[in-house]
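Have a look at the structure below before the remarks.
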Amino acid sequence: MDQAGGESGGRRIELPGDGFEWKKYGQKFIKSIWKFRAYYKCQKEGCNVKKKVEWSESDPHNLRIVYEGGQHNHDLSTQDPGESSRGGSSADANRYNLINQVFGDNPPS
DNA sequence: CGTTTTTGACCGGCGC
DNA sequence: GCGCCGGTCAAAAACG
């Protein structure tokens, strides 16, 4: 990741930090929908959660993130203290109960 | 040195 | 039965 890459080439796409560590294990261009698809896996042991990122070649800013696997096995380490301590930290992780979350998705009408 | 990332290629499942 | 697609893995290279 950043530590090794040094960004000499520079990541082509900006990934929204969701508070978890993911390892990219695949990237492919789905011509069926004319969009790129990247596959990430949670790097926590016992955490078989997978993340899929899909974005269109013309709109790299439109990221559609889909979480798979359900819930994480470890506590969500949020960068913002207070948020997790805010009434029911477990509730925060609960939001990930929905197997799939979608981000972006803003087709101009 | 360790770690991570990137790309290519391969395989299985499904539909008709 | 066959073809096609999506998904995953492996290896190599580079950086601090």
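Every chain is numbered from 1 and lettered A, B, ... according to where its sequence line falls, protein lines coming before strand lines. These values consider heavy atoms only, across backbone and side chains, with no hydrogens, waters or symmetry-generated copies.
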Take atom [atom1] of [X] and atom [atom2] of [N], then tell me their distance rounded to the nearest Å.
{"X": "A:Y40", "N": "C:dG7", "atom1": "OH", "atom2": "P", "result": "14 Å"}
{"X": "A:F29", "N": "B:dT7", "atom1": "CZ", "atom2": "P", "result": "14 Å"}
{"X": "A:K24", "N": "C:dT8", "atom1": "NZ", "atom2": "C1'", "result": "14 Å"}
{"X": "A:K31", "N": "C:dC4", "atom1": "NZ", "atom2": "C1'", "result": "8 Å"}
{"X": "A:Y39", "N": "B:dT6", "atom1": "OH", "atom2": "P", "result": "15 Å"}
{"X": "A:Y25", "N": "C:dA10", "atom1": "OH", "atom2": "P", "result": "13 Å"}
{"X": "A:Q27", "N": "B:dT7", "atom1": "CD", "atom2": "P", "result": "6 Å"}
{"X": "A:I33", "N": "C:dC5", "atom1": "CD1", "atom2": "P", "result": "13 Å"}

Any side-chain N or O of A:R37 below 4.0 angstrom from OP1/OP2 of C:dG7?
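Checking C:dG7 against A:R37, a side-chain N or O does come within under 4.0 Å of OP1 or OP2.
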
Once you apply a heavy-atom cut-off of 4.0 Å, does A:K28 come out as touching a base, just sugar-phosphate, or nothing?
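Here A:K28 touches the bases of the nucleic acid.
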
Do A:E54 and A:I33 pass the side-chain contact (heavy atoms from CB on, under 4.5 Å) test, and can you show the C-alpha distance, the side-chain angles, and the key distance before you say yes or no?
CA-CA 10 Å; A:E54 189 179 307; A:I33 56 184; 3.4 Å; yes

Minimum-distance pair of heavy atoms, taken over all atoms of A:W22 and A:Y40
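In this case the closest contact between A:W22 and A:Y40 is CB-CB, 3.7 Å.
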
